[in-house]
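These notes concern the structure reproduced below.
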There are 2 protein chains.
Amino acid sequence: MKKHQITIIDIARQLNISKSTVSRVLTGHPNVSEKTREAVLKLANELDYQRNMLAINLMSSQSHTIGIIVPEFVTSFFPMVIMGAQEVASQAGYNVLISQSNESYETEVANAKVMLDNRVDGVLVSLTRETRNYDHLKVFQRKGIPIVFFNRVCDDMQVPKVVVDDYEGAFKAVEHLILTGRKRIAHLGGPTSLHVSKKRLEGYKDALRKYNQPIDPGLILDYDLNLEKVKIYIKHLLDLPEPPDALFTINDPTAFEAMIFMKAKGLKIPEEIAVVGFSNNYGSTLIEPRLTTVAQPTHQIGQVAAQLLLDQINSDASEWKPIYRVLKTELLVRGSS
Amino acid sequence: MKKHQITIIDIARQLNISKSTVSRVLTGHPNVSEKTREAVLKLANELDYQRNMLAINLMSSQSHTIGIIVPEFVTSFFPMVIMGAQEVASQAGYNVLISQSNESYETEVANAKVMLDNRVDGVLVSLTRETRNYDHLKVFQRKGIPIVFFNRVCDDMQVPKVVVDDYEGAFKAVEHLILTGRKRIAHLGGPTSLHVSKKRLEGYKDALRKYNQPIDPGLILDYDLNLEKVKIYIKHLLDLPEPPDALFTINDPTAFEAMIFMKAKGLKIPEEIAVVGFSNNYGSTLIEPRLTTVAQPTHQIGQVAAQLLLDQINSDASEWKPIYRVLKTELLVRGSS
DNA sequence: GGTGTTTTTGGGAACGTTCCCAAACAATGG
DNA sequence: CCATTGTTTGGGAACGTTCCCAAAAACACC
């Protein structure tokens, strides 16, 4: 069914030398005569020899692969993070095994098992919105496989984490709304199980406090990130006796949905209601008015997370530290506010 | 540096049986007594045994992995295709090794080598806009590793390909513009090296022919998909003595750029100029007016391509056929036309 | 030409599985 | 109770590398 692939033994036999010598040439070991080196290299090239990583992996007990588990692929956020991580990883000679949990806890568990089976040398994780139990991830720690969280991190585990300053980002966003004269700022937040949701909510509240604005619980909604429900929440807000004059959402897709719905209702953005999102996703400059949002350094998140992971892979477990890297956000003020 | 991982030999020793028996239990072989089966299963569970795919892969000479090489990750098109492919692959117990060529031929070559090194069981490829030489991909054929192209296919190789009906999609788009009264329809096309560009251009021309409209070479531009240059091309078109009253672009991001530029120039869309894109990318419903576009079944492309690949993997090379699957497109008429 | 040193080479174990073959054991039937 | 069949088990090769150790070859020096 499968063609025979050339091995170092084939090369050794044809040249009447031992496989050890061929291996030495191919791995660049110094102790080998110029004559045999050339002969091996020449024949390897002629035969189109390709080293077999399956054997090398088993021999070295390393897969030379890092795993990445992300909740979704639809918004541009995670693909961008993956791009950054992949850059750093392949630079260092590592492959990347990507899996999506589709925001499902069970899939995340299954994916973790696949990573374990495949003996990834380390794993990068961003949790699903459902994940409450972390046993499937603690296995990695127990087995001595480094793990790094990014974006949606796990407070329960003492491992490196890479996040953006969600608190400050939200704070700046809301402060901006206040300073431009908004009096009733609503917040459509994410599920409180997610660290990011909590932090952004805190930033929202503290900005209001700083400027002595009342915190109206009726203006704070937390939803499950299911975009189809956005309409319902917005309708609820607009139907309030005192509707909001500004909306700060947990992310950009949510803001898009909200804007589309509000525009359909005839509301003027930003005159009647200002909107600010979070992430600077693809699309935020396409919608009209262009969305004011808190930009996250997606690419950098991936790079930093991958680097932290590689650092752990290449050091003794005793030296591992639960580094907590907080990257800066940037408020991009555009037409929607 | 690395913790000892439990192997079947550990289990065998503790139970005073042979590794063969343990292996039989774990692989579900029938010939093993109920008593030993239970004992093995129990201990494996207690010790948190995890099968070592590195060993299994070497033993079976299969990586249980399929490779996917895509040109980019920025637009939503390829991530969506990958989602579809991944679904089918993991259903069948295969992992997915993803790599981006970043539209660079050299990176594509390097990625192909990595796939080869890692002995992927098959590979899914969408070419870069630069690729003119296919030697790095023909190696797969020579080595008996199945390969399937999708979207950006290679005319030189007799292997399965999955595309959408670019010709018909373009035809329908242009026909729609003609039927809505447009007289000068410009086409901002992709590099002619890409199969898709050629097909879409053909559809464009044939639609004009069918309705006895002149084909003005001055209205047909082919660019290298570098979004930053879109402005220049559009400016050129608008400055013509007889500027176009409609624009059909090779893809949606190009249409977005064009629309943004034209709106900034004060042009009314669709009154003064209609715009039609291709792909129904994320963002086409965000921009205003919403973009009329030819939708591609991204998810399905991935599924079909992966399935064709798996079919080849699980059959003898002598049975491989260069199946050419053409999926249907759908014209989505929206506000921009 | 013998001794010591360095360079180059070969042999074999190891990585953790699966799979084939033969051996041991249990069960069945006359 | 022995022969026959069937079930359960163990031993060892194989997958393609790397790496350690020892042997062989080449070289230098007195």
Side-chain angles (χ1 to χ4, degrees), chain A residues 1-41 43-44 47-65 93 116-121 143, chain B residues 1-41 43-44 47-65 93 116-121 143:
Chain A
M1 187 161 303
K2 202 133 186 187
K3 265 200 191 144
H4 171 75
Q5 313 278 337
I6 303 292
T7 73
I8 59 170
I9 299 188
D10 295 319
I11 297 179
R13 255 201 290 266
Q14 286 199 37
L15 293 177
N16 249 324
I17 56 179
S18 75
K19 60 182 165 37
S20 311
T21 305
V22 178
S23 170
R24 267 186 288 261
V25 173
L26 263 15
T27 52
H29 196 91
N31 280 353
V32 53
S33 75
E34 200 50 40
K35 212 175 107 196
T36 43
R37 154 165 290 122
E38 273 171 24
V40 168
L41 251 26
L43 187 58
L47 296 181
D48 222 348
Y49 168 81
Q50 204 91 27
R51 65 188 180 154
N52 189 334
M53 286 303 290
L54 302 186
I56 295 175
N57 289 345
L58 176 60
M59 176 66 199
S60 64
S61 296
Q62 287 192 13
S63 60
H64 302 96
T65 298
L116 242 22
D117 277 357
N118 283 282
R119 296 289 193 274
V120 290
D121 295 335
K143 300 217 177 217
Chain B
M1 185 161 303
K2 200 127 187 192
K3 266 198 191 146
H4 171 74
Q5 312 279 338
I6 303 294
T7 73
I8 59 171
I9 298 187
D10 295 319
I11 297 179
R13 255 202 290 265
Q14 286 200 38
L15 294 176
N16 249 324
I17 57 179
S18 75
K19 60 182 165 40
S20 312
T21 304
V22 177
S23 169
R24 267 187 287 262
V25 172
L26 263 16
T27 53
H29 195 90
N31 281 355
V32 53
S33 74
E34 201 49 41
K35 213 175 109 195
T36 41
R37 153 164 290 121
E38 273 170 26
V40 168
L41 251 26
L43 187 59
L47 296 180
D48 222 346
Y49 168 81
Q50 204 91 28
R51 66 190 178 151
N52 188 334
M53 286 303 289
L54 303 186
I56 295 175
N57 288 346
L58 176 60
M59 176 65 198
S60 64
S61 296
Q62 289 193 11
S63 60
H64 302 97
T65 298
L116 242 22
D117 276 356
N118 283 283
R119 295 289 193 274
V120 290
D121 295 335
K143 300 219 178 213

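Just so it is clear: chains get the letters A, B, ... in the order the sequence lines come, proteins before strands, and each one is counted from 1. Computed from a predicted model, the values in this text were never measured in an experiment.
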Practice prompt. Could you tell me whether the phosphate oxygens of C:dC15, OP1 or OP2, come under 4.0 Å of any side-chain nitrogen or oxygen in B:Thr7?
Written response: no
Worksheet item: A:Asp10 has an atom CG; how far is it from atom C1' of D:dC15, in whole Å?
Response: 13 Å
Item to complete: Measure the distance from CG on B:Asp117 to P on D:dG16 and round it to the nearest whole Å.
Response: 15 Å
Practice prompt. Determine the contact category for B:Thr36: base if any of its heavy atoms lies under 4.0 Å from a base atom, sugar-phosphate if only primed atoms, P, OP1 or OP2 are that close, otherwise nothing.
Written response: sugar-phosphate
Worksheet entry | Minimal non-hydrogen separation, B:Gln5 against B:Asp10, with atom names | O-OD2, 3.8 Å
Discussion item. Within this structure, what is the CG-OG1 distance for the pair B:Leu15 and B:Thr21, rounded to the nearest 0.5 Å?
Written reply: 10.0 Å
Worksheet item: So, the side chain of B:Lys143 versus the backbone of B:Leu116: is there a donor-acceptor pair under 3.5 Å, distance only?
Response: no
Practice prompt. Sorted by first residue and then second, give each salt bridge (charged side-chain N to carboxylate O under 4.0 Å, His left out) pair with at least one member in residues 14-26 of chain B; sequence neighbours left out.
Written response: none
Worksheet item: If you measure from CE on B:Met53 to CD1 on B:Ile56, what distance do you get to the nearest 0.5 Å?
Response: 5.0 Å
Practice prompt. Provide, to the nearest angstrom, the distance between the CG atom belonging to A:Leu47 and the C1' atom belonging to D:dG16.
Written response: 16 Å
Discussion item. Nearest whole Å is fine: how far is D:dG10 P from B:His29 NE2?
Written reply: 14 Å
Worksheet item: Within this structure, what is the CG-to-P distance between A:Leu58 and C:dA14, rounded to whole angstrom?
Response: 14 Å
Worksheet item: Short question: side chain of B:Arg119, backbone of A:Arg51 - any donor-acceptor pair under 3.5 Å?
Response: yes
Worksheet item: Are B:Ile17 and B:Val40 close enough, and set up right, to give a side chain to side chain contact (heavy atoms under 4.5 Å, CB included), and what steps lead you there?
Response: CA-CA 10 Å; B:Ile17 57 179; B:Val40 168; 3.8 Å; yes
Fill in: B:Asn16 CG to D:dG10 P, straight-line distance once rounded to whole Å
9 Å
Worksheet item: What is the distance from CZ of B:Arg37 to C1' of D:dT9, rounded to the nearest Å?
Response: 14 Å
Worksheet item: Given atom CZ of A:Arg119 and atom C1' of C:dT17, what is their separation to the nearest angstrom?
Response: 11 Å
Discussion item. I need the minimum non-hydrogen distance between B:Asn52 and B:Leu54, along with the two atoms involved.
Written reply: OD1-N, 2.8 Å
Worksheet, complete the sentence: The correct set of residues in residues 48-57 of chain A placing a heavy atom under 4.0 Å from DNA chain C is none
Worksheet item: Could you state the interatomic distance from OG (A:Ser20) to CD1 (A:Ile8), rounded to the nearest 0.5 Å?
Response: 7.5 Å
Worksheet entry | Contacting residues from residues 19-28 of chain B, given that a heavy atom lies under 4.0 angstrom of DNA chain D | B:Lys19, B:Ser20, B:Thr21, B:Arg24
